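All values reported here derive from a predicted model rather than from experimental measurement.
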Amino acid sequence: MAGCTNFCSYCIVPFVRGPERSRPVPELVAEARALVADGVLELTLLGQNVNAYGVDLGARRRRAHLRRAADRPR
């Protein structure tokens with residue numbers, strides 16, 4: 001996830017990074033595979049609002065699907 005659409009009164013993120021944008025699962029898995037190939041042992045999935053992952057992509061399974069796909073990037 002990049003960006004945010006919450007517009008909290010104390011936060012500048014929506015103004016600086018724009019609205020929430022989810023990266024497609026295949027793109028994230030490809031990046032995870034490349035990192036594993038480079039020797040990375042642990043990956044952390046995070047975003048401004050992780051519960052909103054996939055909403056903008058029209059995904060139904062959303063975050064759980066991403067978690068399962070990233071769990072075994074080999």
Student: Locate the shortest heavy-atom distance separating Ala32 from Leu43; write the atom from each residue and the value.
Tutor: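 Between these two residues, the closest heavy atoms are CB-CD1, 3.5 Å.
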
Student: Report the residues that fulfil side-chain hydrogen bond (donor to acceptor under 3.5 Å, both in side chains) with Arg21, sequence neighbours left out, ordered by chain and then residue number.
Tutor: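 Arg21: no side-chain hydrogen bond (donor to acceptor under 3.5 Å, both in side chains) contacts found.
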
Student: Work out which heavy atom in Asp56 is nearest to a heavy atom in Glu20; give both atom names and the distance.
Tutor: OD2-O, 3.6 Å

Student: Name all pairs fulfilling the ring-ring contact (aromatic ring centres under 6.0 Å, His included) condition that reach into residues 9-29, sequence neighbours left out, sorted by first residue then second.
Tutor: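 Counting only pairs at least two positions apart or across chains, the ring-ring contact (aromatic ring centres under 6.0 Å, His included) contacts touching residues 9-29 are Phe7-Phe15.
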
Student: Mind checking side-chain contact (heavy atoms from CB on, under 4.5 Å) for Glu42 and listing every partner two or more places apart, or none if nothing turns up?
Tutor: none

Student: Which heavy atom of Cys4 sits nearest a heavy atom of Pro14, and at what distance?
Tutor: O-CB, 3.5 Å

